[in-house]
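To find a chain, count down the sequence lines: A is the first, B the second, and so on, and within it residues start at 1.
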Amino acid sequence: MDYNRLADLLFPAITKTPSDYETAYPPRDLPKGGRVTRLAPSPTGFIHLGNLYGAFVDERLASQSDGVFYLRIEDTDEKRFVEGAVDTVIGSLDFFGITFDEGATKEGDVGEYGPYFQSSRKELYQCFVKKLVEKGLAYPCFLTEEEVAEIRETQEANKETPGIYGKYAPGRDLSLEEIQKRIKENQGYVIRLRSGGNPENPEEISVEDGIRGLLTMPENFQDVVILKASGMPTYHFAHVCDDHLMRTTHVVRGEEWLSSLPIHVELFQVLDFPLPIYCHTAVLMKLDENGNRRKLSKRKDPELSLGFYRERGYHPTAVREYLLTILNSNYEEWRMANPDLPGEDFPFTMEKMSTSGALFDLNKLNDVSKDTLVKIPAPQLAFFLMEWAKIYRPEILPALADCGETLFAILDLGRVGDKPRKDFVCASQIFDFIGYFFDDYFKEEDEPPAETPTEDVKAILTAYLDTYDHGDDQSQWFDKIRTIAQDLGYAAKPKDYKKNPQDYKGHVGHVSTVIRLALVGRSQSPDIWEIQQILGEPKVRQRITDYIKA
RNA sequence: GGCCCUAUGGUCAAGCGGUCAAGACACCGCCCUUUCACGGCGGUAACCCGAGUUCGAUUCUCGGUAGGGUCACCA
């Protein structure tokens, strides 16, 4: 077989050679140790928490080493294209603080190693396929879908490994004439790799994974498709060409790719490209109804979608912090030692990455989020809240805007000092939490305590209203409440009540709970006196009066 | 089913031949306290099973078991 003639027959239009591309995309000029990573999503535009997780690793690796992190769009499957996807991808990543140094953007390609859309690289892939054909390492295969299915059935019946390989690869033995004839008849075909692997007794190959250490698996022996009938490459082939020519040093991807690693290893080999360092991350898991772990699925698990966090109003920094804690086991320790340093200062290492799938833990995210939000100054938090409301709760925007700067005071209630409250988790919850400051959202949620019957409730509030002086300082104010409590038969100090419960109806805590209820509608809140200062005297009197009536 | 990955408390996890097996979240109790929150103190709770190597295995090897992934002209 004259492979050169076959190559020309198959790719008459390809005139460039691999070395042309090698010259066009020379090794990058980077500081020593500079890492080149990439995110390579398909253009469905759907970016989920798992993608974000991986993108963090990419971004950290590149940015910590003064390397390059770029975005490549894997759009070799025409069916997967979604309009505006690139925008969406960049936008959602940007929201969480992930930016690219290079690659696809809404305005087009930025960088010297493009194009960054695989659909624009067709000729390049074909050039390398042609090279393989010339070397007898790839061949056209005319098998129809049905024929492939038949082969598979036979193999399954014989309990053999399914696939096109060895004796099950009729395309391997086609003569040039036969191929010419079929092409003339317009028979569709794909190009397959002529694998050098031994189907009978595959050799072991070993790859050093950046996260998992030494990986051992059987070599590939499948004649995988490298060029589809459309002339587009498959993922496997595009990955190998692109990551080589774009000079990627670290390929970070989910562990679901582990099983196709042997294919990629062989492809790198036959193409004569050096192998990048593969870093296979663990998949994010979730507990299902039966208590089993399972991969988070985008259909069933809303928390996988990045939109979930944005809708609820989780702060991007909080999500970053959470991701960092599950990404590197020593992050929490570092964070405790360095509470005020930006997360970027943390020395991220692949070695500290977990190899087993972490269960997504909303509890933990909430906790991390509380710690994160408590460090954000009120003006910034207010801005964040407004920005969130603009998109997800526009109806509350006027109320928020009316506050002006008192919103800062509201947000800082009990949040200042060395033992700040950590009430805030996410924007939606913040608004619920502070809702009582807004008449339209003030609602009575809790009932008075059992210690205070209705007539006492009225008595307490009437007395409160009578003695109320907005100018009282905190201790004057509370002394008055003590007096009211005592007058009505409640203990002035909870301890007295605990010692002799039979002597009292309850204690001052129960009395102040009634006041709290009238003011904020809930039995739990930050300091009432401070709340009153923000509410202002008219509103305080109004709410107490209303409660007495009701 | 083949191949591969994984296996320490409910969850995330330190550990890398000898530890009373860290820590964080959650949970429970106590303290602080006018409620809650914050904070402090304390508590419940774990090395999947079986061989082997070894004076000694959570740690190394093998075999099970369990969970996960993957077996496309999708990525």
Side-chain angles (χ1 to χ4, degrees), chain A residues 40-44 74-77 79-80 118 141 143 145 148 152 156 159-163 188-192 202 209 212 215-218 222 224-236 238-239 253-262 280 282-283 285 287 291-295 322 325-326 329-333 335-336 352 354-368 370 374 413-415 417-424 433 446 449 478 481-482 485 492-495 507-513 515-517 520 522-529:
Chain A
S42 61
T44 58
E74 310 230 316
D75 56 351
T76 55
D77 183 10
K79 293 184 288 281
R80 283 210 180 192
Q118 291 184 329
C141 167
L143 254 25
E145 216 175 297
V148 173
R152 162 177 285 271
E156 277 171 2
K159 297 216 157 85
E160 289 177 300
T161 309
Y189 65 92
V190 299
I191 306 287
R192 288 182 185 274
D209 186 280
R212 290 161 191 264
L215 254 25
T216 307
M217 39 186 68
Q222 298 269 356
V224 291
V225 174
I226 55 178
L227 208 64
K228 308 183 208 176
S230 62
M232 281 290 216
T234 55
Y235 167 82
H236 305 301
H239 149 57
R253 37 140 81 150
E255 66 177 324
E256 67 268 24
W257 290 106
L258 233 27
S259 53
S260 40
L261 190 54
H280 290 96
V283 164
M285 311 282 273
L287 234 42
N292 292 325
R293 282 159 180 269
R294 61 147 223 268
K295 190 177 168 181
Y322 172 68
T325 63
I326 57 176
S329 52
N330 52 334
Y331 180 75
E332 278 194 276
E333 202 179 311
R335 176 46 85 204
M336 272 187 269
K352 282 288 180 185
S354 170
T355 49
S356 54
L359 228 42
F360 179 80
D361 188 352
L362 196 62
N363 247 332
K364 186 78 179 181
L365 169 64
N366 288 157
D367 181 68
V368 170
K370 283 182 183 178
V374 79
L413 254 179
R415 234 167 54 101
D418 45 332
K419 284 183 183 176
R421 301 179 64 91
K422 296 178 181 174
D423 297 311
F424 302 149
F433 192 85
D446 295 329
F478 196 67
I481 296 180
R482 283 215 160 94
K493 293 183 176 165
K495 272 185 181 153
H507 62 77
V508 68
H510 300 120
V511 173
S512 59
T513 295
I515 297 167
R516 171 172 279 113
L517 238 30
V520 306
R522 298 198 293 249
S523 58
Q524 301 169 3
S525 80
D527 186 76
I528 307 179
W529 183 82

Which atom names give the shortest non-hydrogen contact between A/R421 and A/V374, and what distance separates them? O-CG2, 3.5 Å
Pairwise P distance, B/rC41 and B/rC32 [rounded to whole Å]: 15 Å
Which pair of heavy atoms, one from A/R212 and one from A/T355, lies closest together, and at what distance? NH2-O, 3.5 Å
Nucleotide opposite B/rU6 in a Watson-Crick or G-U pair, distances under 3.5 Å: B/rA66
Using atom P in both nucleotides, what's the gap between B/rG50 and B/rC36 to the nearest angstrom? 48 Å
Nucleotide paired to B/rC27 in any strand shown, Watson-Crick or G-U, under 3.5 Å: B/rG43
Which word best sums up how the rings of A/Y235 and A/W257 line up, parallel for under 30°, tilted for 30 to 60°, or perpendicular for over 60°? parallel
Choosing from B/rA24, B/rU34, B/rG15, which nucleotide comes nearest the side chain of A/K364? B/rA24
Pairwise C1' distance, B/rG43 and B/rA51 [rounded to whole Å]: 38 Å
Counterpart base for B/rC71, defined by Watson-Crick or G-U wobble contacts under 3.5 Å: B/rG1
Let's see if you can work this out: which of B/rA75, B/rA13, B/rU34 has an atom nearest to the side-chain heavy atoms of A/S329? B/rA13
In whole angstrom, give the distance that lies between atom CH2 of A/W257 and atom C1' of B/rC4. 15 Å
To the nearest angstrom, the CH2-C1' distance between A/W529 and B/rU35 comes to 18 Å
Donor-acceptor pair under 3.5 Å: do we get one between A/S259's side chain and the base of B/rU70? no
From the candidates B/rC73, B/rU35, B/rA24, the one with an atom nearest any side-chain atom of A/E332 is B/rA24
Side-chain atoms of A/T76 come closest, of B/rC25, B/rA75, B/rA37, to B/rA75
Look at all strands and tell whether A/D527 reaches a base, only sugar-phosphate, or nothing, counting heavy atoms closer than 4.0 Å. base
Going by purine N1 to pyrimidine N3 plus the second Watson-Crick contact, or the G-U wobble pair, all under 3.5 Å, which nucleotide sits opposite B/rU33? none
Between A/K228 and A/T76 the two heavy atoms that sit nearest each other are NZ-O, 3.1 Å
Across all strands, who's sitting opposite B/rG56 as a Watson-Crick or G-U wobble pair, both distances under 3.5 Å? none
To the nearest Å, give me how far apart CD1 (A/I481) and C1' (B/rU35) are. 12 Å
What integer distance in Å separates A/I528:CD1 from B/rU33:P? 17 Å
Taking all heavy atoms of A/S523 and all of A/T513, pick out the closest pair and write down the distance. CB-CG2, 4.0 Å
Touch check for A/L143, heavy atoms < 4.0 angstrom, all strands: base, sugar-phosphate only, or nothing? base
Looking at B/rG17, which nucleotide sits across from it as a Watson-Crick or G-U wobble partner, both distances under 3.5 angstrom, or is there none? none
With rounding to whole Å, what would you report as the distance between B/rC60 and B/rG15 at their P atoms? 12 Å
Whole-angstrom distance between B/rG39 and B/rA45, as gauged at atom C1': 25 Å
Validation row, ring centre A/H510 to ring centre A/H507 under 6.0 Å: yes
Regarding A/P494, tell me which of base, sugar-phosphate or nothing describes its non-hydrogen contacts under 4.0 Å with the strands shown. sugar-phosphate
When you get a sec, tell me which of B/rU34, B/rA75, B/rC5 is the closest nucleotide to the side chain of A/S42? B/rA75
Would you say the side-chain atoms of A/D527 pair up with the backbone N or O of A/G414, donor to acceptor, closer than 3.5 Å? no
Toward the 5' end of RNA chain B, which comes first, A/R212 or A/D423, by nearest nucleotide? A/R212
Under a 3.5 Å limit on both distances, the Watson-Crick or wobble mate of B/rA51 is B/rU61
Kindly indicate whether the side chain of A/K364, heavy atoms from C-beta on, has any atom under 4.5 Å from the side chain of A/I326. no
Rounded to whole angstrom, note down the C1' distance from B/rC5 over to B/rA57. 24 Å
If you look at every strand shown and take non-hydrogen atoms under 4.0 Å, does A/V190 touch a base, only sugar-phosphate, or nothing? base
Taking B/rC73, B/rU34, B/rU33 as options, the one with an atom nearest any side-chain atom of A/V508 is B/rU34
Given side chains that start at C-beta, do those of A/F433 and A/F424 come closer than 4.5 Å, heavy atoms only? yes
Against the side chain of A/K370, the closest entry in B/rG69, B/rU33, B/rC38 is B/rC38
Should we count CD of A/E156 as having more than 12 external heavy atoms under 6.0 Å? yes
It should be established whether A/K228 places a side-chain nitrogen or oxygen under 4.0 Å from OP1 or OP2 of nucleotide B/rC74. yes
Give the nucleotide from the list B/rC73, B/rC5, B/rU6 with an atom nearest to the side chain of A/R192. B/rC73
Would you mind telling me which of B/rA26, B/rC4, B/rA13 lies closest to the side-chain atoms of A/S354? B/rA13
For atom CD of A/E256 and atom P of B/rC4, their distance in whole Å: 18 Å
Report the distance from atom CD of A/E160 to atom P of B/rG1, rounded to the nearest whole Å. 19 Å
Suppose we define a pair by two distances each less than 3.5 Å, Watson-Crick or G-U wobble; what does B/rA22 pair with here? none
Show the numbers, then the answer: is there a side-chain contact (heavy atoms from CB on, under 4.5 Å) between A/R253 and A/L261? CA-CA 11 Å; A/R253 37 140 81 150; A/L261 190 54; 4.0 Å; yes
Starting at CG of A/L215 and ending at P of B/rC4, how long is that distance when rounded to a whole Å? 10 Å
Round to the nearest Å and state the distance from A/D361 atom CG to B/rC25 atom P. 11 Å
Can a side chain N or O of A/K495 be found less than 4.0 Å away from OP1 or OP2 on B/rC32? yes
Distance check, P atoms only: B/rG40 and B/rA24, in whole angstrom units. 10 Å
Given the structure, check if the side chain of A/R516 and the base of B/rC36 hold any donor-acceptor pair shorter than 3.5 Å. no
Taking atom C1' in both B/rG64 and B/rU6, compute the distance separating them and give it to the nearest angstrom. 16 Å
Choose from B/rA75, B/rA24, B/rC25 the nucleotide whose nearest atom is closest to any side-chain atom of A/N363. B/rC25
Pick out the pairs of N or O atoms, protein on one side and nucleotides 39-47 of chain B on the other, that lie under 3.5 Å.
residue	atom	partner	partner atom	Å
B/rG39	OP1	A/K422	NZ	3.0

